[in-house]
Number of protein chains: 2
Amino acid sequence: MEFNQLESFISVVKHKSFSKAARELFLTQPSISNNIQNLEKELGAVLLDRKGKTIALTDSGKIFYRYALELINTREQAIHSIKDHLNKIEGKIELKASSIPEQYILPYIIKDFTKIYPKVTFSIIHKNSMDIIDDILIGKESFGIVGIKCEAKMLEYINFYQDELVLATPYEKEYPKTSSNILDINILFSENFIFRKEGSGTRLFIEERLSEKNISLEDLNIISIIDSNEMIKKMIELSLGVSFISKIAIKDQETLKIIKSYKIEGLDLTRDFYFVYNKNRTLSPLVETFKDFLLNWPGLDII
Amino acid sequence: MEFNQLESFISVVKHKSFSKAARELFLTQPSISNNIQNLEKELGAVLLDRKGKTIALTDSGKIFYRYALELINTREQAIHSIKDHLNKIEGKIELKASSIPEQYILPYIIKDFTKIYPKVTFSIIHKNSMDIIDDILIGKESFGIVGIKCEAKMLEYINFYQDELVLATPYEKEYPKTSSNILDINILFSENFIFRKEGSGTRLFIEERLSEKNISLEDLNIISIIDSNEMIKKMIELSLGVSFISKIAIKDQETLKIIKSYKIEGLDLTRDFYFVYNKNRTLSPLVETFKDFLLNWPGLDII
DNA sequence: ACTTAGGATAAGTAAAATTTATAGTGATTG
DNA sequence: CAATCACTATAAATTTTACTTATCCTAAGT
């Protein structure tokens, strides 16, 4: 006994016709025939008398019809009850987030979250990754969204998104490529760089990766320190320089062919974003729900 | 939302374990995972917290659990209700039937019927097809089971089984065959025949078919008139003659290689058996049920 | 008798559920 | 604190089932 069989049966009874039921359920008439037959076979009873013109319920059919209705209705109620419950969850979540997640990831997360919990609202406050972690460590905050991982006994990290830093350049600029879009690391020394301020997760991350290759920021020709990703993108567009930036931040400019992005040979710039919280403090139920949601968040592949 | 998903969910809640649920439902653990995930996806809510050791219902899960139980229980009730109803149908059906259906078909029909209606009993009275029809026409009976069709305004026939008359011969006997098991019609004139009495449906039927070929029983060498199919079969086995007989009546003897059967070139001996009733009289509800059952009876192919 | 409408049947196709194999993740133990 | 254990998730392949298209059959109306 399956729900679609019950739906077929109910619709046939309602219309006194197999073909009309098929139309209502957007199925073909043979499907309805099959569903009814399988139902009858399973129950070991004829539910419908179909002799020529009209279709009538047998005694067994009449008995079963009530149950069929009840089952379908209960299913609807169940679905409704769940949605109703989720709809009752309300409140405001105050997120402290660093710039990349704030601008390019959180909007999608919030969209997905409020689809399930429509009554929940958000406020987002921009802070550097380091500042957020500091605030959690001194107890000023209990959670936040960051792009770096500073291990500490007190802190728990939930990785909810993986991105990659790329070298973003004006679209027209041509380079001697190693392969399709990979550049030799030495190219870096001949470029005018734009960087984020200290404390920025993106900057900290790139500094670490470069120092692994024994390159210090001092070795690069830094022409500007700017703390806005959008500003940096504009400057690149205007060919004022290049910059390391999250791939997700220049997604649109890439499809619009305004900015080009390159990987650097031998540099793994894969970067994780985290929901970080003080595991010794209890989060509010709402934030807990948000945290659980992030755990299973599928990502923004399907946009 | 499908019933198997609900069963998986309930079992997981019961055992607090996916793998135990799998064992209970004779499924594999990934199936359970899938069922739960699809359920959660459809409902847009996490039903189960599975973090490490234990599995716990979320708030949504608790709400949904009650509905899941209710749905599964209602389904059980529905099935039980139908069986219960069919079980309440009781009484005795008195069938007047001619020899072939009485001996070779009705047993299987009754077996299938009582499987659905366990409380119904049968008594079978042997009568020739013609006598049964006469009794219905004079109002002595209102229905019966016959192997011939005499059209009359009063009578309604329901064809519930199709058989074929064949020429049954001793197994050893050899004939010049037209093809695998088809004999020339002229063979008939050189055989010793055993026939049923007048009034027998089988005899009436063969007389009609032969007269279409301008052959009268007078033209055949009839050595015995016997009114028992079993007796006729025995006589054939003992090589005392041959006879036209229903294929179903010699099924066992054919597989035992005691009797061989042949078709006759140009003679269509396909034969129908009918539930015949007086359409001006109302049948008892029980007989009506039996009649409806015969309408959809699948036949005895699957023995 | 002829046409029409509705249901049954059969064969082919699409969609699902399920399985096998494997990876990943907390809890437990030496 | 690594190593194992117990359990769930994931991926790919398989089987099952639901569904569709095409066709047939029967009953009712012309």
Side-chain angles (χ1 to χ4, degrees), chain A residues 1-9 11-42 46-58 61 151 153 156-159 162 279 292 295-299 301, chain B residues 1-9 11-42 46-58 61 156-160 162 272 279 292 295-299 301:
Chain A
M1 189 191 303
E2 301 299 332
F3 281 110
N4 52 1
Q5 295 170 346
L6 298 176
E7 281 168 346
S8 295
F9 175 61
S11 184
V12 168
V13 172
K14 208 164 73 185
H15 294 108
K16 296 183 194 304
S17 155
F18 280 49
S19 15
K20 280 177 193 161
R23 266 166 248 147
E24 183 188 43
L25 300 176
F26 301 106
L27 291 174
T28 56
Q29 170 267 315
S31 293
I32 304 288
S33 285
N34 246 322
N35 285 343
I36 302 293
Q37 279 173 30
N38 289 335
L39 205 51
E40 291 182 328
K41 215 178 289 171
E42 183 184 344
V46 179
L47 300 175
L48 296 166
D49 268 332
R50 47 269 212 198
K51 290 176 205 140
K53 199 68 182 170
T54 43
I55 281 169
L57 280 170
T58 62
E151 294 297 353
K153 286 193 298 290
E156 186 85 24
Y157 289 87
I158 291 173
N159 180 347
Q162 191 169 62
K279 64 177 152 186
D292 289 345
L295 271 173
N296 302 316
W297 188 57
D301 306 320
Chain B
M1 190 191 304
E2 301 300 331
F3 281 111
N4 54 0
Q5 295 170 347
L6 298 176
E7 281 168 344
S8 295
F9 176 60
S11 184
V12 168
V13 173
K14 208 165 72 184
H15 293 107
K16 296 184 192 306
S17 154
F18 281 49
S19 17
K20 281 178 192 161
R23 266 167 247 148
E24 182 187 43
L25 301 176
F26 300 106
L27 292 172
T28 56
Q29 169 268 315
S31 293
I32 304 287
S33 284
N34 247 323
N35 286 341
I36 301 294
Q37 278 174 32
N38 289 335
L39 205 51
E40 291 182 327
K41 216 178 289 171
E42 182 183 345
V46 179
L47 301 175
L48 296 166
D49 268 333
R50 48 272 210 196
K51 291 178 201 137
K53 198 70 183 169
T54 41
I55 281 170
L57 280 169
T58 63
E156 187 85 23
Y157 290 87
I158 289 172
N159 180 346
F160 65 87
Q162 192 171 62
D272 294 303
K279 64 176 154 189
D292 290 346
L295 272 172
N296 302 315
W297 188 58
D301 305 321

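Small disclaimer: the values here were computed from a predicted structure and weren't measured. Letters go in sequence order (proteins before strands), and every chain restarts at 1.
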Ranking C:dG6, D:dA22, D:dC7 by distance to the side chain of A:Pro30, first place goes to D:dA22

Can you check whether B:Ser31 has a side-chain N or O nearer than 4.0 Å to OP1 or OP2 of C:dT19? yes

Could you tell me the separation between the CG atom of B:Leu25 and the CG atom of B:Asn4, rounded to the nearest 0.5 Å? 9.5 Å

Rounded distance (Å) that lies between atom P of D:dT26 and atom CZ of A:Phe18: 17 Å

How many Å lie between CD1 on B:Ile55 and C1' on C:dA27, as a whole number? 14 Å

How long is the line joining CD of B:Gln5 and P of C:dA17, in whole Å? 6 Å

No-hydrogen, no-angle side-chain donor-acceptor test under 3.5 Å, A:Gln29 and A:Ser19: no

Would you compute the distance between atom CG of B:Asn35 and atom CE of B:Met1 and round it to the nearest 0.5 angstrom? 13.0 Å

Rounded to the Å, how far apart are B:Asn159 CG and D:dC25 P? 14 Å

Exercise: do B:Ser8 and B:Ser11 side chains pair donor with acceptor under 3.5 Å: no

Listed pairs, N/O of protein and of nucleotides 1-3 of chain D, under 3.5 Å:
none

Could you please name the option among C:dA17, D:dC7, D:dA18 that lies closest to any side-chain atom of A:Asn4? D:dA18

I need the CD-C1' distance between A:Glu42 and D:dA18, as an integer number of Å. 15 Å

Under 4.0 Å between any heavy atoms, over every strand shown, what does A:Ser19 touch: base, sugar-phosphate, or nothing? Just pick one. sugar-phosphate

Rounded distance [0.5 Å steps], CD1 in A:Ile32 versus CD in A:Glu7: 9.5 Å

Drop me the distance from A:Asp292's CG to B:Thr58's OG1, to the nearest 0.5 angstrom. 9.5 Å

Looking only at side-chain atoms of B:Gln29, point me to the closest of C:dT18, C:dA17, D:dT8. D:dT8

Length of the line joining A:Asp49:CG and C:dG7:P, which is rounded to integer Å: 13 Å

Just the rounded figure in Å: distance from P of C:dG6 to NE2 of A:His15. 13 Å

B:Leu27 CG to D:dT15 P: how many Å, rounded? 17 Å

Atom pair CZ/CD1 of B:Phe18 and B:Ile55 - distance to nearest 0.5 Å: 4.5 Å

Do the side-chain N or O atoms of A:Arg50 get closer than 4.0 angstrom to the phosphate oxygens (OP1, OP2) of C:dG6? no

Can you pull out the residues from residues 32-39 of chain A that lie within a 4.0 Å heavy-atom distance of DNA chain C? A:Ser33, A:Gln37

OP1 or OP2 of C:dT20 versus the side-chain N and O atoms of B:Thr28: is any pair under 4.0 Å? no

